[in-house]
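Take this structure, written in structure tokens, and hold onto it; I'll ask about it next.
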Amino acid sequence: MADIGTEHPTSYHNAVPKKSFRSRLRKTWNHIKRDRQLLLLFLPCILFYVIFRYGPLYGLIIAFKDYSVFTGVLGSEWVGLEHFIKFFTNQDFWMLFRNTLLLGLYSLIFGFPFPIMLALLLNEVRNKWFKKSVQTFSYLPAFLSVVIISSMIIDFLSPNQGILNQMLAAFGFEKKYFLVDPGWFRPIYVISEIWANAGYESIIYLAAIAGISPTLYEAAKVDGASRFHMVRHVTLPGLFPTMLIMFILKTGSLIRVGYEKVLLLYNPMTYDVADVFSTYVYRKGLLETNYSYAAAVGLFEALVAMVMLLSANAISKRLGGNGLW
């Protein structure tokens, strides 16, 4: 009996994990069979990320090598952190860091509230024709390419035929060369970002507002709340989780300012305030064919963005209890 008593617990504990693993495997397979059609629809998305997002990560090795197109990735000489040290000691490093951070920060501070305010205003409009017209015009820039938007900005701000300069001249003011003035580049960039993205991003907040229970508005109306009080005490609290998620996502892209618009709008006169990491990578990698150095700069930018995203998510969970994961 003593032998049975000592062996039985061991055999019992060994058996439980196997049974539990098999049951979880069976349960997972049943879920796959049940949702096979939805998973099939999701398959192109998975393939996209595997091929175009995770596959190219292999190429990051060249950031630690002196890459040569003739010897290939594996055959190139290993140099370790040489390119990172060269970048950190470069006199342009702090200028690039400052410009990238300020453009991203200004876009976040001034651009984040606009879609929320637009969604709140559209939600209060009762004239359907006017509401749909405003939505159409506000969504339209999202369907235009960055090249078209940048061309429109250049035309609007042209010192000779630009609409803005013609208005200034009509009121007796002197015409300005906006795009060659370093003091105007950041406001132009931020305002154009708001104009291009506010309407599209407001769709998310309108969908969140539609998900708020109508009974909450009815109860507030019974209590004598005005439209302003209902927005303040019902709509905004209902939007808070969505606002938090969007804020985390925007914080993650704070340091990753896209190079397309900056590249199309800046010029040698505005390099000191407009040159960012992504345009620097473009010049070093594609124009000067210094692939390893450009990969090191891009990897640094991605790591900083990841740290910001993780930090924003941790702070969000600590303060509001909600996060991306």
Check your understanding: Quick one: does Thr270's side chain have a donor or acceptor within less than 3.5 Å of a partner on Tyr266's backbone?
Key ->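 Flag not set: sc Thr270 to bb Tyr266 has no pair under 3.5 Å.
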**Study point:** Side chain Thr289, main chain Leu286, donor-acceptor under 3.5 Å
**Key:**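 Checked: no pair found.
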Review point. What heavy-atom pair brings Met152 and Leu144 nearest, and what distance separates the two atoms?
Key: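 Shortest heavy-atom contact: SD-CD1, 4.1 Å.
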Review point. Got a donor-acceptor contact below 3.5 angstrom from the Ser278 side chain to the Val257 backbone?
Key: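 Yes, because the side chain of Ser278 sits within donor-acceptor range (under 3.5 Å) of the backbone of Val257.
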Check your understanding: Is there a donor-acceptor pair closer than 3.5 Å between any side-chain N or O of Asn165 and the backbone N or O of Ser158?
Key ->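 Here the side-chain-to-backbone pair exists.
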Practice item. Quick one: list whatever passes side chain to side chain donor-acceptor pair (under 3.5 Å) with Asp275, sequence neighbours left out. Key: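 Partners of Asp275 by the side chain to side chain donor-acceptor pair (under 3.5 Å) criterion, ordered by chain and then number, come out as Thr279, Arg283.
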**Study point:** Under 3.5 Å donor-acceptor, Ser292 side chain and Ile62 backbone
**Key:**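 At least one qualifying donor-acceptor pair exists.
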Check your understanding: Would you say the side-chain atoms of Lys65 pair up with the backbone N or O of Leu74, donor to acceptor, closer than 3.5 Å?
Key ->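 Such a contact is found between Lys65 side chain and Leu74 backbone.
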Side-chain donor-acceptor contacts of residues 293-305 below 3.5 Å, not counting sequence neighbours, with atom names and distances?
| from | atom 1 | to | atom 2 | distance (Å) |
| --- | --- | --- | --- | --- |
| Tyr293 | OH | Asn90 | ND2 | 3.4 |
| Tyr293 | OH | Tyr280 | OH | 3.0 |

Review point. Under a single-linkage rule joining Ile, Leu, Val, Met, Phe, Trp and Tyr whose side-chain heavy atoms are separated by less than 4.5 Å, which residues share a cluster with Trp129?
Key: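 Hydrophobic cluster check, Trp129: joined to Leu118, Leu122, Val125, Phe130, Val134, Tyr139, Phe143, Tyr200, Ile203, Leu206.
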Review point. Between the side chain of Asn313 and the main-chain N/O of Leu309, is any donor-acceptor distance below 3.5 Å?
Key: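 No, the answer is negative, given that no donor and acceptor are paired below the 3.5 Å cut-off.
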Point to revise | Neighbour count above 12 (heavy atom, 6.0 Å) for Phe48 CZ | key: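 Yes, because the 6.0 Å sphere around CZ of Phe48 holds more than 12 heavy atoms from other groups.
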Review point. Does Ser68 use its side chain to pair, donor to acceptor, with the backbone of Ser76 at less than 3.5 Å?
Key: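 No, because the side chain of Ser68 does not come within donor-acceptor range (under 3.5 Å) of the backbone of Ser76.
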Practice item. Report, as yes or no, whether the 6.0 Å neighbourhood of atom NZ on Lys131 holds more than 12 heavy atoms from other residues, nucleotides or ligands. Key: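 Above 12, so yes.
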Point to revise | Ile255 backbone acceptor or donor facing Thr100 side chain under 3.5 Å | key: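 Checked: no pair found.
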Practice item. Ignoring hydrogens and angles, state whether a donor on the side chain of Ser107 or Tyr189 is under 3.5 Å from an acceptor on the partner side chain. Key: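 Note: Ser107 and Tyr189 side chains miss the donor-acceptor criterion.
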**Study point:** Rounded distance [0.5 Å steps], CE in Met246 versus OH in Tyr205
**Key:**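 That separation rounds to 4.5 Å.
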Practice item. Mind running side chain to side chain contact (heavy atoms under 4.5 Å, CB included) on Trp184 and Tyr177 for me, showing each step along the way? Key: CA-CA 9 Å; Trp184 278 101; Tyr177 291 81; over 6 Å; no
Check your understanding: According to a 4.5 Å side-chain heavy-atom criterion applied to Ile, Leu, Val, Met, Phe, Trp and Tyr, with indirect links allowed, do Phe88 and Phe97 form part of one hydrophobic cluster?
Key ->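 Yes, because Phe88 and Phe97 connect within a single hydrophobic cluster, where side-chain heavy atoms sit under 4.5 Å apart.
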Review point. What is the ring orientation for Tyr49 with Tyr54, classed by angle as parallel under 30°, tilted 30 to 60°, or perpendicular over 60°?
Key: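 The rings of Tyr49 and Tyr54 sit tilted, inter-plane angle from 30° to 60°.
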Point to revise | Under 3.5 Å side-chain donor-acceptor pair for Ser226 and His229 | key: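 His229 and Ser226 do have a side-chain donor-acceptor pair below 3.5 Å.
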Check your understanding: Does atom CZ of Phe112 have more than 12 heavy-atom neighbours from other groups under 6.0 Å away?
Key ->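 Correct, the count exceeds 12.
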Review point. So if you build clusters from Ile, Leu, Val, Met, Phe, Trp, Tyr with side-chain heavy-atom gaps below 4.5 Å, do Ile248 and Met306 land together?
Key: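 Yes; tracing contacts between hydrophobic side chains, which count when under 4.5 Å, links both residues.
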